[in-house]
Structure formats: structure tokens, C-alpha cells
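Only heavy atoms go into these numbers, but all of them, side chains included; no hydrogens, no water, no symmetry mates.
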Amino acid sequence: MYDHRTVDAVGLHLDALLGPEEQEGQEGQEGPAARPEAPVIGAQEVVLAEAERHSTVPGHAIARGPCGLDTRLGEVPVRRPAPGEVVIDVQAVGVNFIDVLATTGFHPFLSAPPFVPGHEVAGVVHAVGDGVEHLRPGDAVIALTPQGGYAARVTTAAYTVAPLSGGGGAADAVAVLISGLTAIACLERQARVHPGDRVLVQAAAGATGTACVQLALHHGATVFGTASTEAQLEHL
């Protein structure tokens, strides 16, 4: 379920949280040595150099607090678009299990707070960098972001951005972006599902599970799904 980087991040987090085994005090001291308190870092301390900053917008940042990581609403900087990048005004952001990992210190690569989490957004193009030809300001889009989605504006690579077409709104589109891509990777790229195949989907009532069920049915497969409650099975 987890890749090696996530497992390593969990181990490092637990080491930092629990600390080394308490040793007896040195000569002249009684009891274990006091553990230094972690500094409290505010969301406003997500910083960029002036030359890199495009703008400053409201956003949710993960910062270190006195009892661990906190999610704080504040002003966060938005990076200027480099060549091949796009700045997006965010209208909707996806909430995924990896975002839960970000709030607990278990994220596989966002491990040094403060940072702004969020990996899938939908919105409107605000600005484009040099060399971006398939998008222009004002276009409705969906996009993947390495971080920064939990803010009113985010900068990301243009190749991860696609026009938002059809009748769906931003919230509907972003709700299926990562889940849908995961389903495609599993069923079309790896399993190569064909009509008549039988597919078992575990946790079939969840976001990724629902996408897998729908995609497998689309390809003509017979689907068997599991869920933890009767209500979830009725959802299917």
C-alpha cells in the first residue's frame, strides 16, 4: 500500500516524535535530560524570495506547532511561472488520503514544514509562462500539483494541466482526477481489462474504488466489490 519513501517518512516521524531512549542524567543531574521544545512556525512563514513571488493569497499551510503539525489558514506566497508553467486561480481542490498523511507528518515527500499541501485542483488559468501554447488566461482547467493546491492560487507545470470541457463543474471534475487516473493506471495500463473479465475491487465504495468499478463496467467486465458496511454496499 505504501511505497518505500512513505515507510521511511513514517519511521523518521516516529523517531522525531518519540525521541531516543531516555538516558540517565549525567553526573550531577537527576532524571532524563529535558527535550528542547520545537519552535512554532506560522503559516505566514511559507516564504519565497521577492524575485520568485508572483502574488500572495489565502491558503492552508502545514506548520510545526507545540504538539506536532498544525493546519493554519494564512497568507501564502505563489511562485512566478517559469517557462513551461501555469498559474491557476483555484476554484476547487481534491481531498485525498495523501493529504491526511501531510497533516500527520507521513507524507512521502512533503516532510519539511511549513508547506502548502494539495495535489489536484480545478480552476481558471491566471497566467502562463514562456513556451505554454495550449493554455491561455481565462481557460477553465484541471491540474495536478506537486504541492500548493490548498491555496487560492497555485503554480504548476503546464503538462499536468488539461482544459476542463463538457458540462461538469470544477468540484465534480477535481473529485475524480487522481481517483480516475489511479483507476486507469490499474485497470487499463496494468491489468488490461477486457469484456468478460472478472474484477474484484476492494473498498469499492471509496473514491478510487468507485472509479475502478465504473471503469471496469465500462470495459464490459463483471465486477465484485467489497465494503465495510451495508450502507456502503448499497451505495454501489
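The backbone N or O of V100 lies less than 3.5 Å from a partner atom in the side chain of T103, making a donor-acceptor pair.
The minimum heavy-atom distance linking G149 with V93 is given by the pair O-CG2, 3.6 Å. Summarising the geometry of G65 relative to R72, their closest heavy-atom pair is CA-NH2, 3.6 Å, with the distance given to 0.1 Å. Across all their heavy atoms, V213 and A204 have their closest contact at CG2-CB, 3.9 Å. Across P113 and L69, no two heavy atoms sit closer than the pair CG-CD2, 3.8 Å. When all heavy atoms of A122 and A170 are compared, the pair lying nearest together is CB-O, 3.5 Å. The heavy-atom pair separating D197 from R192 by the smallest distance is OD2-O, 4.1 Å.
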Please evaluate residues H134 and V132 with respect to the criterion side chain to side chain contact (heavy atoms under 4.5 Å, CB included), reporting the C-alpha separation (whole Å), side-chain torsions for both, the decisive distance (0.1 Å), and the verdict.
CA-CA 6 Å; H134 70 292; V132 177; 4.3 Å; yes
Could you go through Q91 and V124, starting from their C-alpha distance and side-chain angles, then the distance that decides it, and tell me whether this counts as side chain to side chain contact (heavy atoms under 4.5 Å, CB included)?
CA-CA 8 Å; Q91 297 177 333; V124 175; 3.5 Å; yes
Please report the C-alpha distance between L181 and L144 in whole Å, then the side-chain angles of each, then the deciding distance to 0.1 Å, and finally whether the side chain to side chain contact (heavy atoms under 4.5 Å, CB included) criterion is met.
CA-CA 11 Å; L181 290 174; L144 298 174; 3.9 Å; yes
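For the atom pair F224 CZ and Q202 CD, the distance stands at 12.5 Å (nearest 0.5 Å). Considering CZ of R189 and CD1 of I184, their distance stands at 7.5 Å, rounded to 0.5 Å. From L73, atom CG reaches atom NE2 of H60 across 5.0 Å, with rounding to the nearest 0.5 Å. Between D70 atom CG and R64 atom CZ the span is 10.5 Å, to the nearest 0.5 Å. Annotation: the span from T145 atom OG1 to E120 atom CD amounts to 8.0 Å, rounded to 0.5 Å. Separation of atoms CG (D99) and OH (Y150) is listed at 3.5 Å; rounding is to 0.5 Å.
Under the 4.5 Å side-chain criterion, counting only non-hydrogen atoms from C-beta, T71 is in contact with I62. Residues R153 and I88 fail the side-chain proximity criterion, which asks for heavy atoms closer than 4.5 Å. A heavy-atom distance below 4.5 Å is not found between the side chains of I142 and V174. V76 is listed as a side-chain neighbour of V57, based on a closest heavy-atom distance under 4.5 Å. The side-chain heavy atoms of C212 and L187, taken from C-beta on, include a pair separated by under 4.5 Å. Within the 4.5 Å cutoff, no side-chain heavy atoms of N96 are placed close to those of H119. At a threshold of 4.5 Å between non-hydrogen side-chain atoms, the residues P117 and Q147 do not count as touching. Between V121 and T156 there is no side-chain heavy-atom pair separated by less than 4.5 Å.
Tracing side-chain contacts under 4.5 Å through hydrophobic residues (I, L, V, M, F, W, Y), one never reaches L177 starting from V86; they form parts of separate clusters. With hydrophobic clusters built from ILVMFWY side chains whose heavy atoms lie under 4.5 angstrom apart, I178 does not share a cluster with V90. Linking Ile, Leu, Val, Met, Phe, Trp and Tyr residues whenever their side-chain heavy atoms come within less than 4.5 Å leaves V154 and Y159 in two separate clusters.
Residue T226 is tested with L200, V201, L233 for a side chain to side chain contact (heavy atoms under 4.5 Å, CB included); the sole match is L200.
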